[in-house]
Amino acid sequence: MKLDQISKHQTKLPSDPLNFLQLKRETPDKRASEARRIDFKEIYQTDLGYQSANQAARCLDCGNPYCEWKCPLHNYIPNWLDYVANEKYQQAAELMYETNPLPEICGRVCPQDRLCEQACTLNTGFGAVTIGAIEKNITDRAIANKWRPTVPELTKNAKKVAIIGAGPAGLACADQLARHGVKAVVFDKYPEIGGLLTFGIPGFKLEKDVIRKRRVFLQDIGVEFRLNTDVGKDIKFEQIRQEFDDVFLAMGTYTSVIADLPGMNSKGVYKALDYLVGNINQLEKFNMTEFPEINLKGKKVVVLGGGDTAMDCVRTAIRQNAKKVTCVYRRDEHSMPGSKTEVNNAKEEGVEFKFCLTPASIEQQSDSDLIQSVVFSKMQEQTDQETGVKSFLVSEQQSIIECDAVIVAFGFKASPQEWFTTAGIELNSHGLVKNSDGKSSEDGGSLRTSAENIYAGGDMVRGADLVVTAVAEGVKAAQEIVAKYTSC
Amino acid sequence: MSLYHSNQSKDNCGFGLIAHLDGQQSHQLLQTSLTALTRMTHRGAISSDGKTGDGCGLLIQLPSKFFRAITVELGFNLGSRFGVGQIFLSRDPVKAKKAKQILEQELIKETLTIVGWRDVPVDTSVCGEIALQTQPKIEQIFVNASPGWTKEDLERRLFIARRRAADRIVNDEDYYVCSLSGMVIVYKALVMPKYLDSFYQDLANPKLETSISLFHQRFSTNTAPLWKFAQPFRFLAHNGEINTISGNRNWATARQSTFYSPLLPDLGNLKHLVNQSGSDSSSLDNMLEVMLAGGMDIFRALRLLVPPAWAKRKNMDPDLRAFYEFNSMHMEPWDGPAGIVMTNGTQIACTLDRNGLRPARYVITKDRLLTVASEVGVWDYKESDVVEKDRVGPGEMLAADVSSGRIWRTNKIDDQLKHRHPYLEWLRENTIRLRSNSRLEKKATEDYINVNLKNLPVFEKLFNVSLEECEQVIRVIANDSQEPTSSMGDDTPMAVLSTQQRNLYDYFRQQFAQVTNPPIDPLREASVMSLETCFGREHNVFQETNGLAYRAIIGKPVLNYAKLKQLKELDQEYYQFQSISLNYNKTEGLETALVRITDKAVELVNNGCVILQLSDRDIAQDMLPIHAALATGAVHQRLIKEGLRCATNIVIETATARDPHHFAVLIGVGATAISPYLSLQIINRLSTEGKLTTDIISARRNYLKGINKGLLKILSKMGISTIASYRSAQLFEAVGLDQSIIDRCFPSVLSRIGGATFEDLHQENLKNANLAWQPLAKIKRSGQLKYVHGGEYHAYNPDVVSLLQIAVNSGNYSDYQRYANAVNQRPFATLRDLMKPINAATPLKLDSVEPTQTILKRFDSAGMSIGALSPEAHEALAIAMNTIGGRSNSGEGGEDPKRFASIKNSKIKQIASGRFGVDAAYLQSAEVLQIKIAQGAKPGEGGQLPGAKVTVEIAKLRNATPGVTLISPPPHHDIYSIEDIAQLIFDLKQVNSKALISVKLVSGPGVGTIAAGVAKAYADMITIAGHDGGTGASPLTSVKYAGTPWEIGLAEAHQALIENGLRDKICLQVDGGLKTGLDVIKGAILGADSFGFGTGPMVALGCKFLRICHLNNCATGVATQNKTLRNNHFVGLPQKVINYFEFVAQDVREWLALLAVESLDKLIGRTDLLEIIEGTTSQQKNLKLEVILDSARRPATGAKHYLGVRNNPFDHGELNQKLLADYKLNESSATSSQLNYSIKNFDRSVGASLAGYIATRQNKLDDHTTVDIDFHGIAGQSFGVWNCTGIHLNLTGDANDYVGKGMSGGQIAIRPPKNIQYVASRGAIVGNTCLYGATGGKLFAAGQAGERFGVRNSGAISVVEGVGDHGCEYMTGGAILILGPVGENFAAGMTGGIAFVLDQRDTLIKNVNPEHVECFRFSDNECDEYTEQLFEMLEQHVAATGSDWATRIIKNFDNYLDYFMLVIPKASCQSDDDTDSDSDYLELTAVEQPKSSLVPLRIVK
């Protein structure tokens, strides 16, 4: 190469440091609520026209990158924003991908308003940098342009790791292993990878095509998938242990938390997950007979819970053309655990919200086991004088909401498998897998279980949590496994 | 073991000489010199006993007649030629006898005849107690020369005998030869000057006569000075400090083997040519005497040792340049503030260093007496007898020979020197200049990219390069040829504490000038600096011949590809090139490998190697690199030891050198030149990745340029001008290196707390290598600069900041405790983290501990100016601190007078080098006046506030014009040495007698010494800031590599104050990263009475540690002037700060209870309550922190902490007080008063008290109701200091330094007396640094001014008749009319105001520094509009002073007008008035502006 070929002025001069004042925060356009409430397509503009570079240039490049600190993956956000601001999208994409194996997914489903964007210094009256939107935009470009990192060729002696569960933790781990020259084979009982990304999260948040593209990518870099394979049933765990050097368990939590309410057995009371998976199964034609469609068209629906799953349910119900959809949460709006953005989206789409109500009973119609209404007790807010901590106490007052379907979205708990015990994997009292050193991975704990060569991460260790935390644990597990290989 | 050692003391002084030019000897002359000495008592120091001075003395001609007479009684038979030794002996008779015996033996060996010993009669009743304790026995030895010897023969033999005796007399601290000579004798003692002739009865004997008397009054930084440290030494007396002393001493050792003089055949046998400890001045004296004894004449010797600046002076005579260049090849400058007077008994000389930082004024009277002294007016000659008077300027020399009556001035001396040999011809024939070659550079770059770029990651990982370093250091320098700027300070652990892989360079902390010497401004005073570096074998300095000029020269010591290539290809007969690989096998071990390469180096040099390259470039798997700094240090030291260092040059080809500090370390430990190949390769990569704003070759050039600039900055921090003097000076403190490393590689580097061993470094090497050769391992993100998850720990990480903000917002103590826990339980990040409090078995109840209120009184906020902070944040801090009873600090940006009497008043007012807003009213408004010597984040450096940031508001506070760039110079131009700060403190105490004077220092080696010195200079409070202090904007390497942890500095200062008996008078404050009550507790245990908080309260006000302060876009509105951000986004209420401090105080109380100590006072020095805990890493475990605890220990007797005793100067400023009293008497009776006084040089700061009084009076004076005060005589320093409106001072006579300093109004007029014989306009009438920081008023002086006239003037109007070097530097306002010559570097950094110069000899253009100003001729019509102003100023001058010269000009105004020049700032320096817009892009770093040639004919608007 001749020097003259290296172009002369490739980097823009520093931009105006007061960019963040002059240029307002702008998120990608949302489709109008009338248009979006009738289909399951993503609600944000999906073309690549978003002004990523301008928005990225609003970043202050703080001495304390609060965004990066708050991100469970500790993505190098300011650094890739700098690339984006300089329109170096490929380098930005590479950097996103360095810490995050599933950036296009996190860009879509992460509750940025609780994580990076919430922590953003500019989120104090200036409007946070649109980190999520930029991440999505850039990774979509990467995928569209087929930008691929170079992956080392597998050697004959490459180590082999089995990953059980093709959800975010498993995929993250597989990706990282492959990129370090380790053969990763992912087992999953479902017909498609992604776990809840595919089957739990509705298409208006994450179109399924995104997962399919990711699958192609992963296969391209050498990850092998063995789907429709239920470990313990279709293949013995012992067999996997023999075939592979190490195993990473990333099986999530699938058992729904059920409140012990009178009338819970009424017809028309659904578990959130059954509802969501059934819907996606039908839409995407996965033909999984165990997840029949639950169609709430024309129904008056009450969704119990205030988290992201509840939001997915209410918005799915809207799209099924339910007559009325009410979300009921036991504390005030401020205390809702889910993403504020999603709540707003739901409101825009016509969901009604009720707060400070805790379900007391589900009343059946006098003549059937169909639901007539849900009876709620009103909650009263109390503030501790000394500590200033708010709490909610059940009061005598009651409130009744008439409905004909109830979706319970109280969360998920561990779903331990029988073979855990024989494999020597210890669990805690909640049925969650215990780390070998008892420290959480944020505090530098190991992801190894009590059993030799078996690692576990994601929801099945931490309890139900965000996609991004599952990804983070998948990455950490891979790092731990790779470190073991390189040090010997 | 302890941190403070009294033998590190530094000294400064007043000095001078009086000589009869025709050699007429008299006792009268001696008496006059004693008077002169006494009149400079204020320049020395007086101990607490009120009698013991720090030492003074005389160097006079050997009074032969006197000695012949008095020895008759003793029965001595003195020969025709004899010598006398003045000897200090031990009071232990056995030791004394032994010393005498040895001396006699050596004298006899030199075939001298011992005549006998005489007990020198002394009167000890005049000695203070302290002096008596250390008083030696004083005897004189008389020796006869063999017949036929010349006086030079005798001197040389006495010299050798004395030196050899000194080598043999060991374990005798008292033995000291004041002088041993046939030409001169020294009388010196630890008494006050006025008692010197009472102590030595010889001196009072009228028979003792001399025609030369050289005198010196010492100011030492400790209170236990020793007799032998008094000056003069055997040939000279020195005022100032040799900054380069450790390098000079090293080179003296290295050169010993090359020095040969037939006159001194035994030179090689002496142990040392110059002493290796003791004072810098004495080493200089040693060197001078070697040169003189070796046959060199005074002129060459002095010019060789202390040359003027020549390298960059384009207008210098080429022959003279050649003389200096030739000589520079044999000796590096002994650099530093130096005023030297010397004599050998017949010749006398006075010379100043290139910067002219010490004053020297001279007067010649009708009776042929020449008086040279630090001050004018040191004895009462008649003004009408004066035939000439002036000053000695920078790099100038004044000499005389009393045997011939001849006087030489600088030009004559230089003329003589340059014509001795055809230096220019020699140089032309034999020197080669190596130059860059962009064609070669391009070819190499292309080859590299095509062939080797793929290997770069291995190098990067092996040499521990982080991504940040590539992106934020190397890339920035390559783009901008400028170091990156950072803000907020360094909150990461020191290298030794870090759990990350750190570079060895991180262990080195740069030393910086502080109080006893000044830093230089490498940008504005670049003309005195030089990086020129020579290659070739050094030869004998005594021999001046053609062959000695065989040299290859490079302008800068950092090599690019082409220069290194040329170096390798030089003629191998003269420049044999050899290379040693620094890579060693993993199994060999680091230390063994080091020994191996030093052996190899010795072998190569013995075999004729002249250019020795050490290279780490040939890396290989299984091999590890020896760090270049270790290798350089070890090889350099070994070659010195073998006497081979000057036969070779060490070139380092290394991957480790990347930022300027790295280069400074390598050169500092001995490298000749450096080739930073890896940095250049990284630039290649960055370019291929499209990350540079310029093309690759320019980027490589930019990088080297940036490194060189950085080097200049690092040199200038220590006040060093040339790289030759910096090389090998080892001006670092190592924090965390084991002594074994220091001993082998860096013996002059102080390392006081142990730390990493060779084995630890080897292990780190292994870790790097392990990653390096793994292809998949990525180059790491180290988090050294900014927080990165998984990277380096940051004390103000997001958790800590967030938790603190939650706490101050909620006001809940439980929230504070969460914050405190996050801080207290962090990984070991500071030295104090390894010290754990030992809780008492039975804690106290909380209510028996001192209350919160008394603890809060000890809390101050750190100095942060309006400008750095928004006015809102600044006021919120003031309100909060005043509410809790603590004190807020104005910072260095002035303060709105409206705030003075309100709750918004900052009780601490800072006086910094820029003197912004510092006037009498400002000073009067304070409880504490803090002299900011240094700032933790960038000690030894100045700053710049770009015009765009100087808003209308800021400009008003700083007495500046909106939009005009403001520069803070690196030094206070009135503090170049310890006696100068004593003077400034005196000024301040005169203007505001109630305020405590505080001096802010930065922790560094010797800070204890400085603290004691500052205490002796009558400060009341000392702040010791740690290296981790905050900043609004600093170069990154300054933030990272200067200053040391406060734990060391505080303990050292505390110990020094205790040992010197000064602790009761000094309130000791600690400042740096204090966060919780536990920090306060530890600070108190280590010696602090008071506590400064900077970042903590800022975070409480909403600061989120964004590190963007320098961009003026602080999103929290704390550190910005942007109105939108301030108005809409600043959330800092005073209450939040109050919450913070109340939490901390409560926290302190809880700790006190746990420790069972009732109060902080009782905790100070209780080191028994701290235990050292073991670290987690090997390096941490090797630390030896006990020395800190041992040093800070509570003493058994004496004051244990500050007792509030006022530290009052011995000088009560009588004239000042009289003035004030007289004024007050008249005040009521009349509106205008007329007062009349006579004045002498010891009447200092005259006018200050009155100014202070008037500035705060309700009914202020104006220019119509004035008080006129007349003086006649010679005014002491700081005449008219802080003068303010309404006060008119008229002086008939002369004035010394600092006239009109800080003046804000009124008028000072100085005129010569009538009936004088000299031409007033041709000599100095006022001293140096006049009008420094003046903001208004008028100064008229009918004569010339010294150096640095009008520095930082921002409003005063003045007329003088000539100025020295650096006139009008950093000026931002006002008008100066100069009716005569101007010195070099005129108007450097002048961004505002105007200057008129009468340039009759057309020299102005050559002397002006064109960076910021343009010059125009009045002969062009364009200047018309200024003519009236010019004329008006002339008229005022005549009216005020009656100047003959000005009168003549007025009479022929039209003729003279054509010779006038106008100097004004370039239009580009002034931006639009409307600078308060929201979109200003600001950068605070000092940016070198492109130099434009002057266009004198441009039209002026």
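Note that the coordinates shown come from a computational prediction; the quantities given were computed from them, not determined experimentally. Order of the sequence lines sets the chain letters (A, B, ...), proteins ahead of strands, with each chain counted from 1.
Ranking T1116(B), L1125(B), V1131(B), L467(B) against chain A, the residue ahead of the rest is L1125(B), based on heavy-atom pairs under 4.5 Å. When the candidates S810(B), S802(B), P798(B) are compared by the number of heavy-atom contacts under 4.5 Å with chain A, P798(B) comes out ahead. With respect to chain A, the highest number of heavy-atom pairs below 4.5 Å among V788(B), L785(B), D799(B) belongs to D799(B).
Checked options Y76(A), W147(A), F217(A); the residue passing with Y97(A) is F217(A) (criterion: ring-ring contact (aromatic ring centres under 6.0 Å, His included)).
The aromatic ring centres of Y455(A) and F248(A) sit 6.0 Å or more apart.
Under a cut-off of 6.0 angstrom, the local environment of CD in E381(A) is crowded, with over 12 non-hydrogen atoms contributed by other residues, nucleotides or ligands.
Nearest heavy-atom pair, K1104(B) versus V801(B), reported as atom, atom and distance to 0.1 Å: CA-CG1, 4.0 Å.
For D61(A), the parts lying near chain B are the backbone and the side chain together; criterion is any non-hydrogen pair under 4.5 Å.
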